Structure formats: structure tokens, C-alpha cells
Protein chains: 2
Amino acid sequence: MKLPETAKNRLEDALKQLNLRPTQQREHVFAVLLSERDHPTADEVYVRAKKSMPSISLATVYNCLEILVSCKLVKQVNFDREPTRYCPNLAEHAHFHCNDSHRVYDVDLPQDLLNSLKSVLPKGYEASKVELSFHGTRVDTTPSK
Amino acid sequence: MKLPETAKNRLEDALKQLNLRPTQQREHVFAVLLSERDHPTADEVYVRAKKSMPSISLATVYNCLEILVSCKLVKQVNFDREPTRYCPNLAEHAHFHCNDSHRVYDVDLPQDLLNSLKSVLPKGYEASKVELSFHGTRVDTTPSK
DNA sequence: ATTGAAGCTTAGAATCATTATTATTACAAA
DNA sequence: TTTGTAATAATAATGATTCTAAGCTTCAAT
Ligand SMILES: [Mn+2]
Ligand SMILES: [Mn+2]
Ligand SMILES: [Zn+2]
Ligand SMILES: [Zn+2]
């Protein structure tokens, strides 16, 4: 588990903006998030982080995730009342939540759809954030042979 | 607080489908939800319900709300990790969450937008539910005179 | 190098929306 | 009426998250 140099720089710059220190735990939690394209919960991040940093605590994982969110390097993703998930994909995108596997997939949004989304709001509504999520099942389209 | 006859029939029919009894509490909670166009939390429903049914308990409010949801007469609406809100608007629609007032507004969605929303999913993704929410501030456009 | 202040991490306690448990009550069928 | 089942209400339990307090680390100034 190693944080790529470019990500490390992004983290250090973002932390510096907020007068926060680049610590081993913060780098490691960021590395854990970047190493997989799924959307782990804090608990899952904790389990993964402990693999190569056994002394890290769950409280610290929560703290680091919160810091990464306030640095805008990571986004929180919520489905109904399930535990919050964390996503390091900074592009505007939607999420697909598979009811079978409980896995979460990123869904790209074309720019014109983003535009028409914002245009549905009546006068007087100023949206600073738009969230779009799909729930269903992902059927396997892999050819069997 | 009185449940209109047509709504009462809708409720009784839906309950009968599931072999559930039409109780005073279930009718009353439904009436509370229909009487305002906001999106109250279970706790807010509880406070309102007690006004004309002081003996109702919070547990029963939760139970009734859950029943109404399983009857598909009411939908749950979640914003991040805030308490679940309840919406009796059965039309497909989006929600606008005002960060200032913490009020929630329904936003109608044109049919062609609904279609293009579903068309962004790659092959193999079958969505049974689409959720769209906006967060921001609603500026007052009421003329001052 | 030492010191002091501020920032960090950690363990554990607290919070709070929601769910589970269970005794009591309501009610419909026999 | 009797009897069986469902519903309600009070209370306890749950669980993700946040808070608290204590000790540790970093770093700049001396
Ligand atoms: Mn799930
Ligand atoms: Mn709010
Ligand atoms: Zn994502
Ligand atoms: Zn609504």
C-alpha cells in the first residue's frame, strides 16, 4: 500500500491550504481509498488500513476521512440510511447501488444531462449540489465462453 | 385532522392487499402526512399526530410509517445522514433541500428528463429506482409590495 | 538541543435515529 | 362470549457516528 507521488502531492497541498499536517495516517487512509474503485464504508477502510498499519484506530480513520472530505479530495456517498461510503472520484458522476451485491459503481454523466438537470429547478432555487443515484441489479454480461 | 374519504379508501384497499387492519393510528398518521406538503421526519409526524391523538407512541408512528411505505402510499426521503423524511407524493419527482431553512420541496421532472436519466446507465445496469436531489438555498422571489 | 504550543491520535464514552422486545389491548372470526 | 391473532405502547437495545480527554508528535523559537 503506497501512495503515488502525484497523489501525495495533491494531499500535501490540500492539507497545507487548511493548515493541517500531512501525517502517516492521513496519507495511508488516502492510499487505501485510491487503491480500489469501490466505495468503502469507514469500517471497511479501517479493516483495510489496519493491514499495513495495525495500530491505526477507527476514530482516526473517521478523523482522516473527515479531513479528506473537507480537503475536497474525497466525497461522501450515502444510500438511504446505510453507513456513509467514501469516493475519491472527483469528477461529477452518479452512483449505481446494486441491491444484490451491495456494491457501488460510478456512472459518468454527459455534460448536456448535467445542464438539463439543473434547468429543471424553478426560479428561486439555487442548487449548489446535485445528487443522482440509481438502485437496482447489475446483470453479468460477461460472455460465458 | 380528518382523512378525506378518497384517501381513506386508498389506505383501506392497500392495507387489505397485505392483510393488514385499518386502525385509527394508521389512518391518523396518513392524515397527518397528507395535511401538509412538507416532508416531516418521524419525530415531526409524532408531534403532529399527538395533537389530536395524545396517546399515540413514537414506536407506533414508526410502525405506521413503515406500513405506509410498504403499502407504497408514502415514500422515504433521505438526505445524507439526516433523519428519514416521509413524502406522500406518489408522482416521480425530485427533491430540493434548502440548507438555510432545512425545508424540502418537491421538484417535478419532465418525462424526457426521466428518460434521459435512465439512458445514462451502461449495458447490464437495471435500475429499479432513481433518486435525484438538489441541495442549496431557495431565494425568496416574493415581490415586496 | 530544549522547550512550549499546537496539532494528532487513540480509547472509550456519549449521542441519537431507528429497531427489537414484550406485555397489554383491540378486534375479527368462530 | 370465547378465542386466536394482530396492533399498540413502553422500554430496551442497536449501531454508525461524534465527542471527550489524555497522551503523543511536530515544529518553530529560543
Ligand atoms: Mn445496500
Ligand atoms: Mn438539512
Ligand atoms: Zn463515486
Ligand atoms: Zn417529495
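Bear in mind the structure is a predicted one, so any value in this text is a computation, not a measurement. In what follows, chains carry the letters A, B, and so on, assigned in the order in which the sequence lines appear, proteins first and then strands, with residues in each chain numbered from 1.
- Summarising the geometry, the separation between CD on Glu66(B) and C1' on dA17(C) is reported as 14 Å, rounded to the nearest angstrom.
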Practice item. Assign a letter to each nucleotide of nucleotides 7-17 of chain D from its 5' end: B, base within under 4.0 Å of a protein heavy atom; S, sugar-phosphate only; -, no contact. Key: SSBB-----SB
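- In this structure, CG of Leu15(A) is placed 12 Å from P of dC27(D), rounded to the nearest angstrom.
- Taking atom NZ of residue Lys50(A) and atom P of nucleotide dT9(C), one finds them 15 Å apart after rounding to whole Å.
- Note on ring orientation: taking the six-membered ring where Trp is involved, the planes of His39(B) and His95(B) are perpendicular (angle over 60°, cut-offs 30° and 60°).
- Distance alone, capped at 3.5 Å, is enough to place a donor-acceptor pair between the Ser101(B) side chain and the Arg103(B) backbone.
- With hydrogens and angles left out, the side-chain atoms of Asn78(B) and Glu82(B) include no donor and acceptor closer than 3.5 Å.
- Atom CD of Glu44(B) and atom P of dT18(C) are 11 Å apart (whole Å).
- Atoms CG and CG, on Asp106(A) and Asn89(A) in that order, are 4.5 Å from each other to the nearest 0.5 Å.
- Separating the CG atom of Leu68(A) from the P atom of dC8(C) is a distance of 12 Å, rounded to the nearest angstrom.
- If you check the side chains of Ser116(B) and Ser119(B), you find no donor sitting under 3.5 Å from an acceptor.
- Not counting sequence neighbours, the partners of His97(A) by the ring-ring contact (aromatic ring centres under 6.0 Å, His included) test are Phe79(A), His102(A), His135(A).
- Summarising the geometry, the separation between CG on Leu65(A) and P on dT18(D) is reported as 10 Å, rounded to the nearest angstrom.
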